[in-house]
Protein chains: 2
Amino acid sequence: MGTEGHADGTVGKALDVLDLVASYGRPVRFSEVLENAIYPKATLYRFLQTLTHQGMLAYDADRQTYSLGVRLVRLAHAAWAQSSLAPLARPYLDELASQTGETIHLAQMDQGQVLYVDKRNATRPVDMFSQAGKVGPAYCTGVGKAMLAFMPAEAVSAAVARQSFHRFTQQTLDSPEKLMAELAAISARGHAFDREEHEPGIICCAVPILSRSGKVLGALSVTSTTSRTNLQALEGHAATIKDCAARIAAEAENWRFPEQN
Amino acid sequence: MGTEGHADGTVGKALDVLDLVASYGRPVRFSEVLENAIYPKATLYRFLQTLTHQGMLAYDADRQTYSLGVRLVRLAHAAWAQSSLAPLARPYLDELASQTGETIHLAQMDQGQVLYVDKRNATRPVDMFSQAGKVGPAYCTGVGKAMLAFMPAEAVSAAVARQSFHRFTQQTLDSPEKLMAELAAISARGHAFDREEHEPGIICCAVPILSRSGKVLGALSVTSTTSRTNLQALEGHAATIKDCAARIAAEAENWRFPEQN
DNA sequence: GACTAAGTTTCACATAATGGAACCCAAGGG
DNA sequence: CCCTTGGGTTCCATTATGTGAAACTTAGTC
């Protein structure tokens, strides 16, 4: 988690440290960071200094703790705003949410992991920042499998290699073989299910968002619970979701023209 | 905006480049970045490569454009979640929003600028990511002035030095002197107003969120329009807002104990 | 007042960043 | 078809930067 395998260059190392601090989820002392860091004291110290000076970290002099800095929030606003899908998919998600009355997730693939970039919640009005930015496993979520199923072979194997195949529930696909078989089925069917593979009682139906050229832009899912509904009913939404995905893809298509060239 | 004054070390420069890319608000070509960068071609190229390799930027091979990477969104989620105020202030903002029926902003100070970290909108249910992370001027917003008024002298002068004093409206305080006088008044009164200083028709009443030791943690404001209400009416909410700010501060107080020591 | 742990600074050394220049290559244009 | 143009990429000698063991400075403790 915190420490990546090999960090190229000085900035790579610095970003490693940033991730490490982030991984605590709370302000941390220098010595705490030091314990989990792969860098010697002086080096780590300098990195923390630099990052703090740059506003990527914030240092609380009273408590002598480092936490993530506001510059990140600012950057993220920009990142989210220009992250291909999220802002432009907004109205479509709203529509889909009201059509289905269920929870909607919009996700993208990030290094073999699912990154949720937006969400509509049936009950609670909204939870944006708190949910968007979250990451999840690819091999046992609807959106994850939907994206994998439509990615080029070598990207899939790279992603599969990074999966933990932890067995969250009875239904979790716990091996690359099972996953590959499932991906084939999804690819044929056009949509993926989550059959309580990640959390008991939570099911979903997901479809990929594909560009005209077939590139996976992201995925869209309708989530519910076994107590409220079942897979058959969710599959009933499949056409609606696909339609929504198609419209988001279309929107993305002409969005990609900042200027003529 | 993009290029900061002086960037210490290699990571500083890299982050500069990151900001620069972010500042475009859309995917950019190498040559475009080069135009506005202060680094020579080869150097810039290497930075973009590194940042891309690190997931801070994303490179679209088809269009040959760089945009902000998903790693940022992930980091920002963590940043927001642990950024002192926003998550813990959440329920209080909800409450304040329903009490006042007006738009609520929660902001923090970042390098002399106001950074909005959360928002409740009276009419539209919510706009999180799209609003949080936004930055605004400190000298002509309620939250900005509320924070400045309670910051230590040298921090204030540092911040004031960074203000542009652009005259957004007739009412904008367009000089350090006017601002300092206003800050004194705010400090005495305990709350700040925005008298259409930033946008015509937009008024607000803001209070600082102060820690027990008197440190400025952030600010809270109730915003409305001149067509709906007036300053006197907003001032009527002052006590409510102050109470809310006090409770957020109290919550922040015992939040700051990750472990005993 | 000696002991300890956390945090900070130093400095000789090695690595990594630098950027001018050369190179590649696709797109025009004569 | 060759020549040019310009964005994009790579090379490599030079040099600035980062490196980290060790020394040092607090701030607590017994």
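Below, read A as the first sequence line, B as the second, and so on, with proteins coming before strands; counting in each chain starts at 1. Model, not experiment: these values are computed from the prediction.
- Look at OH on A:Tyr66: it is 14 Å from P on C:dA6, rounded to the nearest Å.
- Regarding A:Arg29, its CZ atom lies at a distance of 12 Å from the C1' atom of C:dA5, rounded to whole Å.
- When side chains are defined from C-beta on, A:Leu148 counts as touching A:Met151, because their heavy atoms get closer than 4.5 Å.
- When the side-chain nitrogen and oxygen atoms of A:Thr10 are compared with OP1 and OP2 of C:dA17, one or more of them lie within a distance under 4.0 Å.
- A distance-only check finds a donor-acceptor pair linking the side chain of B:Tyr24 to the backbone of B:Glu32 [under 3.5 Å].
- Following rounding to the nearest Å, B:Gln64 (CD) and C:dC25 (C1') show an atom-to-atom distance of 11 Å.
- Heavy-atom nearest nucleotides on DNA chain C were determined for A:Val11 and for A:Tyr59, and the one closer to the 5' end corresponds to A:Tyr59.
- Near DNA chain D, meaning a heavy atom under 4.0 Å from it, residues 40-50 of chain A has A:Pro40, A:Ala42, A:Thr43, A:Arg46, A:Phe47 in order of number.
- In this structure, the CD1 atom of B:Ile38 is 11 Å from the P atom of C:dT18, given to the nearest Å.
- In this structure, B:Ile209 CD1 and B:Met147 CE are separated by 8.5 Å, a value rounded to the nearest 0.5 Å.
- In this structure, A:Val21 and A:Leu48 have side chains that are in contact, with non-hydrogen atoms separated by less than 4.5 Å.
- Judged by distance alone, the side chain of A:Tyr139 and the main-chain N or O of A:His166 form a donor-acceptor pair under 3.5 Å.
- A:Val160 places a side-chain heavy atom less than 4.5 Å from the side chain of A:Phe165.
- A:Thr141 contributes a side-chain N or O that, together with a main-chain N or O of A:Pro137, makes up a donor-acceptor pair within less than 3.5 Å.
- Taking 4.0 Å as the cutoff to heavy atoms of chain A, we find the contact window on DNA chain D bounded by D:dG18 to D:dA21.
- Inter-residue side-chain proximity for B:Leu44 and B:Phe30 is flagged as met; some heavy-atom pair is nearer than 4.5 Å.
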